[in-house]
Structure formats: C-alpha cells, structure tokens
Amino acid sequence: TFRTVIQPTVTTDGFGIVSGELLCRWSHEGTNISPAVFIPILERTQQIRAVGRWIFEQAVIHAKRIRRTDPNFSLNFNVSYHQVLDPDFLPFMRQTLDRHEMDGKNLVAELTETNYNESPATLQTFIEACRDLGIRLALDDFGTGYSSLELLLKHPSDIVKLDRSLMKEMAYSKNSSDFISSIVYSCHKFGKKVCVEGVETEQELQTVLEAGCDYIQGFYFHRPMEISDFFALLEKKTEVECPWTNKKTRPRTSIIKPMCKHEKRTPAVRIPQASSFLFQRHCRFPSGGDEENRTPVRKHCFIGFSERSL
C-alpha cells in the first residue's frame with residue numbers, strides 16, 4: 001500500500017512551520033520499503049505515472065484543507081522526470097485542480113538537476129504550464145551532480161534546495177561554508193529563496209543561520225510525519241495563552257476544520273502490479289514501522305520533481 005507523509009519546513013526567522021514536503025511511502029505486508037529502492041523500480045517499469053498522479057491528487061486535497069486557515073502555506077511534492085515526459089500528466093494536473101476547485105498558488109514544483117539537463121525543450125513546456133497554473137518551482141537536491149551557479153541563475157526556479165551533502169560539508173569546512181554562503185548570496189540577488197535539507201545538529205543549524213539561508217528542512221526540527229500527526233501538529237500551533245490564567249488553551253473552533261462528508265476523498269491506493277513486482281524484487285527488509293494512514297488529508301503544495309523521491 002502506498003501512502004504519503006509530510007516533512008515540515010521551517011523559516012530561519014523564528015523557526016515557524018511555513019511549508020512541508022510531501023513524500024511517498026510504501027509498505028508490503030508490514031514491511032516498509034525504502035524510497036531509494038522502490039522509486040527507481042517504479043520509474044523503470046513506468047508505474048511511476050500511476051503512483052505520481054495519485055500523489056498529485058492527494059497534494060491538492062490536502063492543500064485545499066489547509067488553505068482554509070493558512071492561505072500562504074505551501075506543500076512540496078516531487079515529480080519524477082518520467083512524469084514530465086508523460087504527455088497525459090499536464091492535462092491530468094489541470095483536470096485535478098479543476099475538479100477540486102483549486103488553483104496552483106499553494107503548489108511548488110521541485111526539479112532535480114537531471115530534469116534540467118535532459119530534454120530541455122520538454123521540460124520548458126512543463127515549466128511554462130506550471131507557471132500558467134500558478135505553480136511555483138524549486139530546484140531540488142542542488143549539489144549532488146554537476147552543480148554550477150549557471151544552473152542556479154539560468155533556470156526559472158523560485159526556491160533552491162541545497163542537498164544534505166552540502167550541509168555536511170558546510171558545517172565542518174570553512175572553505176565549503178564560504179562557498180555555500182556565496183551561493184546563498186547569488187540566489188538572493190536573483191530573487192530566489194534558499195532551503196537547506198538535512199539539518200540535524202546544533203552546529204549545522206548555526207552554520208545555516210550564518211550563511212543566511214531562508215528555510216530549513218531536517219530532523220533537527222521535524223522528521224517526516226504521518227498525515228494525521230502533521231495536522232495534529234498544526235492544530236497544536238493554534239493554542240493561545242489565556243490572559244487570566246496564563247495557561248495555554250485551544251480556541252473553541254479549531255483552526256484545522258474537519259473535512260465535510262460531501263468533499264471528495266481519495267483513499268490510499270493499492271497498485272497490485274507495482275506492489276507485487278516491487279516485493280518480488282526486494283523482499284529482505286526489516287519489518288515494523290509506521291501504522292498505515294488512509295486519511296486523504298493534505299496541505300498546500302509545492303511540486304517537486306525528484307528522481308529519488310515523490
């Protein structure tokens with residue numbers, strides 16, 4: 001069964017949650033399979049197209065729910081390069097947004113360097129279509145390939161996400177730290193925001209703050225969360241302090257409104273062929289893990305194109 005989780009992203013100015021990345025998880029008979037394993041297999045077998053469409057619709061559903069209370073919240077989700085090449089994916093995106101009466105202003109597309117280097121004409125068409133839908137763009141995993149400042153400045157991304165490998169170098173090498181600070185400076189000069197992935201320690205946090213980055217995504221603040229836990233976290237943020245008792249309490253009406261029974265719901269999907277194929281190929285994994293969550297609730301969206309994650 002495929003399901004989605006969300007990893008919150010915080011600002012470097014106050015550490016408040018302002019967005020999140022939507023990630024795909026897959027479990028088979030109680031065994032959690034790593035995305036690094038099942039995503040490449042989905043891509044090789046072209047099953048990524050079916051799974052990716054389901055993920056996009058889940059993103060729209062969750063985005064609609066969150067937008068009621070926080071119009072500025074954004075949800076990141078990844079789209080494989082193979083989906084960009086799919087001629088039916090863009091029409092599906094438009095139809096899904098129309099069906100749920102949503103626009104794309106709360107969505108951001110994360111593209112990897114591979115997306116930019118392969119079939120640039122097809123990618124440009126996809127980018128322009130995303131712009132027409134109001135979807136913003138992010139360059140994901142910057143620093144894992146043949147990264148260059150030209151790539152940062154040439155392509156129309158609103159956000160640049162620095163890969164965790166750069167984070168590790170930046171935290172423990174003065175030269176790397178200076179280089180990354182120059183990347184951040186260049187991005188800001190061209191109107192791009194910078195998010196650092198993989199922040200896990202106090203030292204790494206301090207380095208990110210000194211570099212002038214805008215957003216942080218990492219275990220230091222939040223791990224990927226089940227959908228129900230994520231909304232519980234947002235609900236907890238609505239607690240207010242009573243001026244008479246100095247105790248925190250929730251408002252009478254929760255900021256996160258429950259879904260009306262008439263709203264469209266898309267349950268967690270089972271793709272028997274994909275699940276069967278994946279498990280046959282990779283069956284030696286430790287058991288245990290997260291309890292399956294079938295609630296189709298999600299938040300405002302960033303689109304991400306990553307060959308490694310959805």
Side-chain angles (χ1 to χ4, degrees), residues 4 6-14 16-24 52-79 83-84 89-112 115 123-140 155-161 187-188 190-195 214-217 227 230-231 233-234 237-238 255-257 259-260 263-266 296-306 309-310:
T4 53
I6 295 175
Q7 184 174 19
T9 299
V10 303
T11 66
T12 53
D13 180 15
I17 298 175
V18 292
S19 63
E21 181 177 2
L22 184 66
L23 302 166
C24 183
R53 292 179 187 181
W54 172 74
I55 290 174
F56 179 78
E57 183 156 20
Q58 290 294 288
V60 173
I61 290 173
H62 296 315
K64 184 175 182 178
R65 183 181 180 188
I66 294 228
R67 191 166 71 171
R68 299 171 185 165
T69 54
D70 189 350
N72 298 318
F73 202 99
S74 299
L75 179 67
N76 302 32
F77 71 92
N78 298 280
V79 177
Q83 292 175 266
V84 176
F89 187 55
L90 276 174
F92 175 81
M93 291 171 63
R94 296 189 186 96
Q95 294 166 7
T96 302
L97 288 170
D98 290 342
R99 185 166 62 253
H100 292 280
E101 299 179 340
M102 282 281 290
D103 55 35
K105 73 175 185 178
N106 300 108
L107 308 173
V108 177
E110 297 185 4
L111 305 113
T112 63
N115 294 67
L123 177 63
Q124 186 60 35
T125 299
F126 189 86
I127 288 174
E128 292 173 357
C130 288
R131 295 291 193 193
D132 291 340
L133 293 171
I135 297 172
R136 290 176 289 161
L137 302 170
L139 175 60
D140 192 20
H155 296 288
S157 58
D158 302 283
I159 300 170
V160 175
K161 300 187 73 174
C187 289
H188 287 168
F190 284 83
K192 303 176 188 295
K193 299 291 187 179
V194 179
C195 176
D214 304 287
Y215 307 115
I216 299 172
Q217 181 179 342
I227 298 299
F230 173 76
F231 276 98
L233 176 65
L234 292 187
K237 287 176 57 181
T238 67
I255 189 172
I256 304 298
K257 301 178 182 178
M259 295 183 71
C260 169
E263 290 192 56
K264 295 182 176 66
R265 292 174 178 265
T266 306
V297 174
R298 181 168 287 195
K299 64 198 271 193
H300 296 237
C301 320
F302 274 67
I303 285 191
F305 318 45
S306 178
S309 59
L310 274 180

(message) Quick one, Arg136 and Ser74 - any side-chain contact, counting heavy atoms below 4.5 Å?
(response) yes
(request) For the pair Ile216 and Cys195, evaluate side chain to side chain contact (heavy atoms under 4.5 Å, CB included) and give the outcome as yes or no after the intermediate values. (result) CA-CA 5 Å; Ile216 299 172; Cys195 176; over 6 Å; no
(request) Verify, without hydrogens or angle tests, whether Asp158 (side chain) and Leu137 (backbone) share a donor-acceptor contact under 3.5 angstrom. (result) yes
(request) Compare all side-chain heavy atoms of Leu139 with those of Lys161 and state whether any distance is below 4.5 angstrom. (result) no
(message) For a quick test of reading the model, state the closest non-hydrogen atom pair linking His100 to Lys64 and the distance between them.
(response) O-NZ, 3.1 Å
(message) Between Val18 and Phe73, is there a side-chain heavy-atom distance shorter than 4.5 Å?
(response) no
(request) Please say which of Met93, Gln95, Arg99 ends up in a side-chain contact (heavy atoms from CB on, under 4.5 Å) with Glu57. (result) Arg99
(message) Using the side-chain contact (heavy atoms from CB on, under 4.5 Å) definition, which of the options Asp214, Thr12, Ile159 pairs with Val194?
(response) Asp214
(request) Run the numbers on Asp70 and Leu234 for side chain to side chain contact (heavy atoms under 4.5 Å, CB included), then give the verdict. (result) CA-CA 10 Å; Asp70 189 350; Leu234 292 187; over 6 Å; no
(message) Measuring from atom CG of Leu90 to atom CD of Gln83, what distance do you get when rounded to the nearest 0.5 angstrom?
(response) 10.5 Å
(message) Run the salt bridge (charged side-chain N to carboxylate O under 4.0 Å, His left out) test against Asp132 and tell me which residues pass, sequence neighbours left out.
(response) none
(message) Under 3.5 Å, is there a donor on one side chain and an acceptor on the other for Thr96 and Arg53?
(response) no
(request) Check whether NZ of the Lys or CZ of the Arg Arg131 lies under 6.0 Å from the centre of the six-membered ring of Phe126 and within 45 degrees of that ring's axis. (result) no
(request) Give a yes or no on whether Asp98 atom CG has more than 12 heavy-atom contacts from other residues, nucleotides or ligands under 6.0 Å away. (result) yes
(request) Considering non-hydrogen atoms only, spot the tightest contact between Leu111 and Leu123 and give its length. (result) CD2-CD1, 3.3 Å
(message) Please give me the minimum heavy-atom distance between Cys24 and Ile55, naming the atom from each residue.
(response) CB-CD1, 3.6 Å
(request) Might you point out which heavy atoms bring Ser157 and Val160 nearest each other, and give the distance in Å? (result) OG-CG2, 4.1 Å
(request) Would you check if Leu97 and Asp103 make a side-chain contact, meaning some heavy-atom pair closer than 4.5 Å? (result) no
